[in-house]
Protein chains: 2
Amino acid sequence: MKVRKRIVLAALCVASLALPAFAADPLPSWDDTAPKKAIVAFVERVTKEGSPDFVPTAERIATCDQDGTLWAEQPMYFQFFFALDRVKALAPQHPEWKEKEPFSVLLKGDVKGALAGGERAMLEIVMATHAGMTTEEFAETVKEWIETARHPKTGRPYTEMVYQPMLELLAYLRANGFKTYIVSGGGIEFMRPWTEKVYGIPPEQVIGSSIKTKFEVRDGKPVLVRLPEINFIDDKVGKPVAIHQHIGRRPIAAFGNSDGDLQMFQWTTAGGGARFALLVHHTDAEREWAYDRVSSIGRLDKALDEAQAKGWTVVDMKNDWKIIFPFENR
Amino acid sequence: MKVRKRIVLAALCVASLALPAFAADPLPSWDDTAPKKAIVAFVERVTKEGSPDFVPTAERIATCDQDGTLWAEQPMYFQFFFALDRVKALAPQHPEWKEKEPFSVLLKGDVKGALAGGERAMLEIVMATHAGMTTEEFAETVKEWIETARHPKTGRPYTEMVYQPMLELLAYLRANGFKTYIVSGGGIEFMRPWTEKVYGIPPEQVIGSSIKTKFEVRDGKPVLVRLPEINFIDDKVGKPVAIHQHIGRRPIAAFGNSDGDLQMFQWTTAGGGARFALLVHHTDAEREWAYDRVSSIGRLDKALDEAQAKGWTVVDMKNDWKIIFPFENR
């Protein structure tokens, strides 16, 4: 009885010691390797009052890429799956698509063949599925899709294909007074309907590519109509431009995974004071995908070289992340 | 002695009674007329938990025009005074301007003559003074100008030509959980360097017209260069477009003073639930300026008719505002 009591007490002690330690670790899915240490060191530097690197809350801007940085991007950017599903859904209203490439090829189930037309084919598919409706109608379509569509490989909702360590990182930054922004090559209106729920990032902190919209009064009701015309491509040199246009402040921290993020990193780290740039390197073919320098999606080549030259933090997904997707935790 | 003591005590009582009453009035420069009552009633409706009109904090978006709504706009938009001052400052580097309209006319001091060329002349002047430098250089020029330039009529810094009742209104909205945005036809980069100090509105909540910028690496340093090309005109039908692009939420309250704000009002008030639109009507030729339906600057014609038809709140500056500029208070 006495021994048993002691064991119970010891177990309780361990539990009570272990619990606060776990609770105190804001990044439990990160291994205790260099990237985690670099993140924590940076956040402590800029938040410690009186420190020479202290940054006031209003200036704690963090910008984060989405595809391949917050959620997966293989075997294809997820927004493109949305576009393909829309082509199928809209096909009955477009009998002409049966004879018209790339739609005809796509509707026969040949995605690769449809994309053989390159950028022009892709643009045609995007415009046919993303324009012509009001902003409210488009948002409703996105909401419905994101709740029902499933990833072809995992069978999971796309919003479960997010990176648990990055969710923890965003929450950790916000707990330390950072304002977290998404800065993505993806469509701004494709992200906004669900980013708050999934990432805790509200619509006004989402920056992305866009098509033009037009204000109209229809039957006495004002609407914004989505036009089949590119407004802005938020990728590569476009990222610093969009950051400046939307935020008007230079970020002090930036997170990305590909050459599309290189200029955002250059812009962020060129500011005065403490700066932080982190690249997610896809190295885990087993739990996720492994790709970098020669991938057509999320190519990471020049940015990897520059990260090494400039000492930016590089996450080796295989060795620095305990888990990748939240569902691994269950 | 006794009488005097009583008087002193009575005076103290009055003072102590009067002080909290004043402190409790968030809009002391507003007369107790219909507009003030409408503002307070609206804010109470949307902030009272459990009320059918309650709006969660995140959705309490208020958008506010600047020229003629937050600061004066006569005898000319203030940004145009900036442009004229820049033409003078840059003239030594542009000997060709001596022979080239509209610059030649302007440099002879004939502003009216220079503007006779209409929109094209104005655009030439704006591009010559607002483009060609980096965003950081431009921000420095604006900061220096806004601190040193003086209004031709009052001799005061332009940032003192702001409307005290509107400053109180912005503070009142923020104290009630609103996020306040500027949505102006003026240049976004002309406003951002000083709006936080003057209005309490940070750069990321400033929306305006813009020219294109280009990311470049100059001598190893990344910069954004301002190009002589219009990116977006944030006026009239442009306002709802820009609001949607920047914020991604529909405002529940909007403030303006001219036909340039009409579509912002239509867009704001067409949303569900409680909505508020307020027009500042310039009716006080003595303390400020009186102008509306036929003014070339800040024309208020269609929006005034629609305000009357739809029951939007109209501020009669002469009768609804106790003071207009903060300096009247001193």
Side-chain angles (χ1 to χ4, degrees), chain A residues 57-59 61 134-136 138-139 179 181 188-189 191-193 195-196 201-208 210-218 220-227 231-232 236-250 262-271, chain B residues 57-59 61 134-136 138-139 179 181 188-189 191-193 195-196 201-208 210-218 220-227 231-232 236-250 262-271:
Chain A
T57 317
E59 298 285 347
I61 304 290
T134 70
T135 51
E136 288 181 321
F138 184 72
K179 214 171 194 173
Y181 284 83
I188 188 167
E189 297 304 315
M191 299 183 279
R192 280 173 162 169
T195 52
E196 181 143 34
I201 297 182
E204 61 269 32
Q205 284 159 232
V206 175
I207 302 171
S210 56
I211 57 176
K212 289 195 190 293
T213 62
K214 189 181 167 227
F215 179 85
E216 266 181 34
V217 179
R218 283 185 177 175
K221 196 193 162 205
V223 291
L224 291 171
V225 182
R226 293 171 58 82
L227 306 178
N231 179 55
F232 190 80
K236 296 191 172 74
V237 292
K239 288 201 174 189
V241 168
I243 287 170
H244 189 70
Q245 179 74 8
H246 276 256
I247 313 178
R249 302 186 197 259
R250 197 192 292 247
L262 179 57
Q263 289 81 3
M264 173 168 76
F265 280 21
Q266 291 170 337
W267 178 245
T268 300
T269 56
Chain B
T57 317
E59 298 285 347
I61 304 290
T134 70
T135 51
E136 288 180 321
F138 184 72
K179 214 172 195 172
Y181 284 83
I188 188 167
E189 297 304 316
M191 298 182 280
R192 280 174 162 167
T195 52
E196 182 143 34
I201 297 182
E204 62 269 32
Q205 284 160 232
V206 175
I207 302 171
S210 57
I211 57 176
K212 287 194 190 293
T213 62
K214 190 181 167 228
F215 179 86
E216 266 182 35
V217 179
R218 283 185 178 175
K221 197 192 160 205
V223 292
L224 291 171
V225 182
R226 293 170 59 82
L227 306 177
N231 179 55
F232 190 80
K236 297 191 171 74
V237 291
K239 289 201 175 189
V241 169
I243 288 170
H244 189 69
Q245 178 74 8
H246 276 255
I247 312 177
R249 300 187 199 260
R250 196 192 293 246
L262 179 57
Q263 288 82 1
M264 173 168 75
F265 280 21
Q266 290 170 337
W267 179 245
T268 300
T269 56

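Convention: sequence-line order gives letters A, B, ...; per-chain numbering from 1. Quick note: numbers below take in every heavy atom, side chains included, and nothing from hydrogens, waters or symmetry partners.
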**Q** Which atoms form the tightest heavy-atom contact between B:A242 and B:F232, and what is the distance?
**A**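 For B:A242 versus B:F232, the nearest heavy atoms are CB-CE2, 3.6 Å.
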**Q** Output the distance between atom OG1 (A:T268) and atom CD1 (A:I243), rounded to the nearest 0.5 Å.
**A**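 Result: 5.5 Å between the selected atoms.
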**Q** Quick check on A:I247 against chain B: is it the side chain, the backbone, both or neither that has a heavy atom closer than 4.5 Å?
**A**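 Both backbone and side chain.
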**Q** Measure from the side-chain N and O atoms of A:R226 to the backbone N and O of A:T135, and report whether any donor-acceptor pair falls under 3.5 Å.
**A**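 No; zero donor-acceptor contacts below 3.5 Å.
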**Q** Please work out which of the three classes, parallel, tilted or perpendicular, describes the rings of B:H244 and B:W267, given edges at 30° and 60°.
**A**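 Ring orientation, 0 to 90° scale: perpendicular.
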**Q** Which atoms of B:E59 are under 4.5 Å from chain A, going by heavy atoms: the side chain, the backbone, both sets, or neither?
**A**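 No part of B:E59 comes within 4.5 Å of chain A.
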**Q** Using a cut-off of under 4.5 Å for heavy-atom pairs, which of B:G208, B:A270, B:S210 has the most such pairs with chain A?
**A**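 Max contact count across the listed options: B:S210.
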**Q** Kindly write out the residues that satisfy ring pair (Phe, Tyr, Trp, His ring centres under 6.0 Å) with A:F265, not counting sequence neighbours, or none if the list is empty.
**A**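 Listed in chain order: A:W312.
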**Q** Only counting residues at least two apart or in another chain, list the ones meeting side chain to side chain contact (heavy atoms under 4.5 Å, CB included) with A:Q263.
**A**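 Scan of A:Q263 (side chain to side chain contact (heavy atoms under 4.5 Å, CB included), adjacent residues dropped) gives A:K236, A:V237, A:P240, A:Q266, B:F215.
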**Q** At a heavy-atom distance under 4.5 Å, which candidate from B:K179, B:R250, B:E204 has the highest pair count against chain A?
**A**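 Going by pairs under 4.5 Å, I would pick B:E204.
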**Q** I'd like to know if the side chain of B:T195 reaches the main chain of B:I201, judged simply by a donor and an acceptor atom lying under 3.5 Å from each other, with no hydrogens or angles considered.
**A**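 Here the side-chain-to-backbone pair exists.
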**Q** Sort A:V206 into side chain, backbone, both or neither according to what part of it lies under 4.5 angstrom from a heavy atom of chain B.
**A**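 For A:V206, no heavy atom lies under 4.5 Å from chain B.
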**Q** Which region of A:T213, side chain (C-beta onward) or backbone (N, CA, C, O), has a non-hydrogen atom less than 4.5 Å from a non-hydrogen atom of chain B, or is it both or neither?
**A**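 Both backbone and side chain of A:T213 come within 4.5 Å of chain B.
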**Q** Pick whichever of B:K214, B:Q205, B:R192, B:K239 has the most heavy-atom pairs under 4.5 Å with chain A.
**A**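 Counting heavy-atom pairs under 4.5 Å, the top option is B:R192.
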**Q** Chain B heavy atoms under 4.5 Å from A:K212: which part of the residue, side chain, backbone, both or neither?
**A**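 It is neither, since no heavy atom gets under 4.5 Å.
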**Q** Sort A:E216 into side chain, backbone, both or neither according to what part of it lies under 4.5 angstrom from a heavy atom of chain B.
**A**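 It is neither, since no heavy atom gets under 4.5 Å.
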